[in-house]
Amino acid sequence: MQIHNFSAGPCILPQEVMQQAAQAVIELDGIGLSLIEISHRSKEFVAIMEEARQLVKDLLNLPDRFEVLYLQGGASLALLTAAYNHLPQGGKAAYLDTGTWAANAIKEAKRLSEVDVIGSSKESNYNHIPTGWQVPNDAAYLHFTTNNTIFGTQFHAMPDAAGVPLVADMSSDIFSRPFDAEPFHLIYAGAQKNMGPAGTVLYIVDKNVLGKTGRDIPAYLDLGVHLKKDSMFNTPPVFAVYTSMLTLRWLKGQGGVEAIEKRNAAKAAAIYGEIDRNPLFEGHATMDSRSTMNATFRLTDDTLAEAFNNMWADAGISGIKGHRSVGGYRASMYNALPLESVEVLVEVMAELERTKG
Ligand SMILES: Cc1ncc(COP(=O)(O)O)c(C=O)c1O
């Protein structure tokens, strides 16, 4: 039976990418050796790293001042790395508190300097993107999380920070839509949603604004150190980088982020259409803040949970249990998830109404 994988991350990747990645573990491109047993300094792997970096620049149409790194430590370390590289000694930064990961970013930045939390939706269990805030003009940057994986909310437009540079965690919606990188100083994203397997984190770095915080930065956390070494300061996570490169090649073949954005919009329209139509379901996120990547919803009558859980499991649906801090269900619809999988879920929701409503 076909499995419909709605997992929040790690998550579904294109089938052809997994086949190519599996093959490369056996033997890379006919060289008689596995991807994971060759030197990261070999010409084969250096070419892979360069292609993986270039694809990011091409797909996101990045201005020349940006460089691309594939590092380790996940997005969790990137929350701290961002502050180390951009929050000046004695300075302050503005943060938007839109969910668990945004709150973690605030916690990490507070280790280093003053943090001004200018907007939060914590009081309503992060069910919307806060509005009506102002960025102090002495802030070094505004940090925000473009997509809140757990709560299913998303910035539909990048925030206007009135000239203050932007720093963003794009872990769960990078490569899902085009955006203008011009106002950014830094973007980071864990690979394990729209890019590849867990094990690497992507950094998109404005190379002109590093080295200005007055801090003594530990070598691995210093983005300038990694830039000088072309993302090879130490042994990179070769499998995660290679598989990310394959996914980005796949994305390019699909027509790039503009094409995938349309498909993501169709998937989101299908699931939210059913949540709004079907009286047995209600959404967690407010309509104006709904994520195209993670749809969070619950039953209006909890006594139907057992029936619904059996029905979606019987239909081959996997990974839609909500995060414990929200409850209910979460359908994650990353780039590689086909529309047909969403249609299967929508049909199960409609069937629940027909049989139990
Ligand atoms: C938006 C966001 N930021 C950060 C993280 C943490 O990522 P990692 O597990 O790579 O540290 C996650 C994980 O799901 C996430 O969704």
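Along the sequence shown, the residues carry numbers beginning at 1. When a ligand or atom number is given, it counts from 1 through the structure's own listing order. Note that this is a predicted model, so its numbers are computed, not measured. Worth knowing before you read on, the calculation uses all heavy atoms, side chains too, and leaves out hydrogens, waters and symmetry mates.
Looking only at protein heavy atoms, the nearest one to atom 11 (O) of ligand 1 is Ser76 OG, 2.6 Å. When hydrogens are left out, the protein atom nearest atom 9 (O) of ligand 1 is Gln192 NE2, 3.5 Å; that is the closest non-hydrogen contact.
With ligand atoms numbered from 1 in the order given, ligand 1 contributes 1 (C) to contacts under 4.0 Å with heavy atoms of Thr145. Short contacts between ligand 1 and Gly74, defined as distances under 4.0 Å to a heavy atom of the residue, involve ligand atoms 10 (O), 11 (O).
Across Lys193, Met170, Gln72, heavy-atom proximity to atom 14 (O) of ligand 1 is greatest for Lys193. Nearest residue to atom 4 (C) of ligand 1 from Asp173, Asp169, Asn104 is Asp169 (criterion: closest heavy atom).
Formation of a donor-acceptor pair under 3.5 Å by the Thr81 side chain with backbone atoms of Leu221 is not found in this model. Not a single donor-acceptor pair under 3.5 Å links the side chain of Asp222 to the backbone N or O of Pro218. Of the possible donor and acceptor atoms, one in the side chain of Ser124 sits under 3.5 Å from a partner among the backbone N and O of Ser121.
Under the 4.5 angstrom side-chain criterion for Ile, Leu, Val, Met, Phe, Trp and Tyr, the cluster partners of Trp101 are Tyr126, Ile150, Phe151, Val326.
Counting only N and O atoms by type, the side chains of Gln154 and Ser289 include no donor and acceptor under 3.5 Å apart. At a cut-off of 3.5 Å, with distance as the only test, no side-chain donor of Asn264 or Ser176 sits close to an acceptor on the other residue.
For the ligand labelled ligand 1, residue Asn147 lies inside the 4.0 Å heavy-atom shell.
The backbone and the side chain of Ala75 each have at least one atom closer than 4.0 Å to an atom of ligand 1 (non-hydrogen atoms only).
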